[in-house]
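Below is one structure; the comments refer to it alone.
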Amino acid sequence: MSASKEECDEMQPMEEDNEQEPEKSVYLPGTVLEDGEELVCDPTAYVMLHQLQTGSPCLSFDVIPDNITRNEDSYPLTCYLVAGTQAMETHANNVIVMKLSNLHRTSKQSEEDDSDEEEEEEVQYPAMAASLIKHQGGINRTRCTALNGVVLAATWSELGRVNIWDLTQQLQAVNDRDLLKRYVKDNVGNAVKPLFTFAGHQQEGFAIDWNLLDHGVLATGDCKMDIHIWKPKEGGSWFVDQRPLIGHKSSVEDIQWSPNEPTVLASCSVDRSIRIWDIRAPPSKACMLTTENAHTSDVNVISWNRNEPFIVSGGDDGILNIWDLRRFAEKQPVATFKHHTGSITSVDWHPTDSAVFASSGSDDQITLWDLSVEKDDESEEIPGLPPQLLFIHQGQKDIKELHWHPQIPGLIISTALSDFNIFRTISI
């Protein structure tokens, strides 16, 4: 795992060496480069930037909660992830539990950082420890939670099944070098079985989310149009209501539980709608609010603000819409942003700053937004860019998913067909 010189934001077109240094300008995605120009990363735009590659691409991952005490200067950093592969062959897929450590700053912060540079370089290489669990079918999406002190991961398989895994053994392995060696040598991951499997969905799916307030409760949505609610039982099992929530007319693409109401969740769909549900009602009557035409095409992803009554949605139309749930019945977003030139693939609100969110698109961009920024006629704004757009990160190909780390301020992790990026910008 290493920082990649191709990972770029605030990239600068650079001409070949001439006697006179060319004037620098801000590169905007989609700009055609002239002969002799190339894009280079401006490292001063990042506090930290690292790259991680796995054997097979991972279309989905989640951050595993930990008990590490951190402060503003807790570098180098350590974090834990669970990811799911999408290998070319169905039988070659795995759940990957990762420990990423020695994630150091990648930009010079002071003159003191320049001292003893050679000595620092010897210890500043990031490290990854990984333990695998054999998984039947490619993993469409994975999410983790902690239940009674045990870290669990739920995986949506392309074979139409949802599995729940106990990650205790895998986390122990990545935290102990000797245990990990035995884990790998003995092929322990090939023999691990899921705690529970549900095969009641009629098609495969992508939508899945653990309840933040009622621990162990899970919602899963499939490509048919059905949403099922899971509730934990004694003995490490789950009761799955066979009666799906009724409302959507096409594939359910994403689900988000409310961070404030344990019985309320939101969903979005290929039918272009966003729906708010209350599972205290019977499944046929659980839909409380609906916006039928939330986007002009498929609604791919949603994220529920943890501190304010807002949802951000992203669609195939490349548009980001902000919804105020207090005015959801008006069926109009309170803000709309059109910057991405491809489908929106992921959105995530900042865990503590209610005005900030991140998005990714099939246009190979990750964008950071701050809704508290207002247009200022006297400021030096870049033409064609919304003033709320803080940062554009590039370098990954076919970005699939991103998450803020809930315990490390400003840290973003993203996965793509090309690789993972772990970075923190100077703007957040």
**Report entry** side-chain hydrogen bond (donor to acceptor under 3.5 Å, both in side chains) evaluation trace for Asn140 with Gln86
**Finding:** CA-CA 8 Å; Asn140 293 343; Gln86 273 279 351; 3.1 Å; yes
**Report entry** Qualifying residue for ring pair (Phe, Tyr, Trp, His ring centres under 6.0 Å) with Trp349, from Trp369, Phe357, Trp304
**Finding:** Phe357
Query raised in the report: Between Trp238, Trp230, Phe239, which is the residue that forms a ring pair (Phe, Tyr, Trp, His ring centres under 6.0 Å) with Phe198?
Result: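 Looking at Trp238, Trp230, Phe239, the match for Phe198 under the ring pair (Phe, Tyr, Trp, His ring centres under 6.0 Å) is Trp230.
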Any side-chain heavy atom of [X] within less than 4.5 Å of one from [Y]?
{"X": "Ile412", "Y": "Arg424", "result": "no"}
{"X": "Asn321", "Y": "Trp323", "result": "yes"}
{"X": "Ile255", "Y": "Ile227", "result": "yes"}
{"X": "Ser313", "Y": "Val301", "result": "no"}
{"X": "Ile422", "Y": "Met48", "result": "yes"}
{"X": "Ile311", "Y": "Asn305", "result": "no"}
{"X": "Val47", "Y": "Ile426", "result": "yes"}
{"X": "Asn175", "Y": "Lys99", "result": "yes"}

Heavy-atom pair with the smallest gap, counting every atom of [X] and [Y]:
{"X": "Asn307", "Y": "Ser354", "result": "CB-CB, 4.0 Å"}
{"X": "Leu213", "Y": "Ser258", "result": "CD1-O, 4.2 Å"}
{"X": "Ala358", "Y": "Leu368", "result": "CB-CD2, 3.6 Å"}
{"X": "Ala173", "Y": "Ser131", "result": "CB-CB, 4.3 Å"}
{"X": "Glu401", "Y": "His403", "result": "OE2-NE2, 3.0 Å"}
{"X": "Gln407", "Y": "Pro65", "result": "OE1-CA, 3.7 Å"}

Query raised in the report: Looking just at side-chain N and O atoms, do His215 and Thr145 make a donor-acceptor pair shorter than 3.5 Å?
Result: no
Query raised in the report: Do His295 and Asp317 get their side chains close enough for a donor-acceptor pair, meaning under 3.5 Å?
Result: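 Judged by distance alone, the side chains do pair up.
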Requested in this report: Might you work through the side-chain hydrogen bond (donor to acceptor under 3.5 Å, both in side chains) test for Asn421 and Ser414, ending with a clear yes or no?
Outcome: CA-CA 5 Å; Asn421 277 190; Ser414 57; 4.8 Å; no
Straight-line distance of [X] [atom1] to [Y] [atom2], nearest 0.5 Å:
{"X": "Ile399", "Y": "Ser418", "atom1": "CD1", "atom2": "OG", "answer": "7.5 Å"}
{"X": "Leu52", "Y": "Ile413", "atom1": "CG", "atom2": "CD1", "answer": "9.5 Å"}
{"X": "Ile274", "Y": "Ser267", "atom1": "CD1", "atom2": "OG", "answer": "9.0 Å"}
{"X": "Asn211", "Y": "Gln256", "atom1": "CG", "atom2": "CD", "answer": "11.5 Å"}
{"X": "Asp348", "Y": "Ile302", "atom1": "CG", "atom2": "CD1", "answer": "12.0 Å"}
{"X": "Thr345", "Y": "Asn300", "atom1": "OG1", "atom2": "CG", "answer": "8.0 Å"}

Run the ring-centre check on [X] versus [Y] and record whether the distance is less than 6.0 Å.
{"X": "His201", "Y": "Trp156", "result": "yes"}
{"X": "Tyr46", "Y": "Phe391", "result": "yes"}
{"X": "Phe420", "Y": "His50", "result": "no"}

Query raised in the report: Checking side-chain hydrogen bond (donor to acceptor under 3.5 Å, both in side chains) for the pair Thr367/His339: CA distance, chi angles, key distance, verdict?
Result: CA-CA 9 Å; Thr367 53; His339 167 75; over 6 Å; no
Check this for me: [X], atom [atom1], are more than 12 non-hydrogen atoms of other residues, nucleotides or ligands nearer than 6.0 Å?
{"X": "Lys331", "atom1": "NZ", "result": "yes"}
{"X": "Asn71", "atom1": "CG", "result": "yes"}
{"X": "Arg70", "atom1": "CZ", "result": "yes"}

**Report entry** Salt bridge Lys224-Asp222, side-chain N to carboxylate O under 4.0 Å
**Finding:**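 Salt bridge: no.
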Report task. Kindly confirm or rule out a cation-pi arrangement of Arg141 over Phe206, judged by NZ or CZ under 6.0 Å from the six-membered ring centre and within 45° of its axis? Result ->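 Output no; distance or angle outside limits.
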Query raised in the report: Are Arg326 and Phe310 in a cation-pi contact, defined as NZ or CZ under 6.0 Å from the six-membered ring centre and within 45° of the axis?
Result: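 Ring-cation test returns yes.
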Requested in this report: Let me see the working for Thr263 and Glu261 under side-chain hydrogen bond (donor to acceptor under 3.5 Å, both in side chains), right down to the final yes or no.
Outcome: CA-CA 6 Å; Thr263 63; Glu261 299 289 340; 5.4 Å; no
Query raised in the report: How far apart are the C-alpha atoms of Leu289 and Trp277, what are their side-chain angles, what is the distance that settles it, and do they pass the side chain to side chain contact (heavy atoms under 4.5 Å, CB included) test?
Result: CA-CA 7 Å; Leu289 297 169; Trp277 313 78; over 6 Å; no
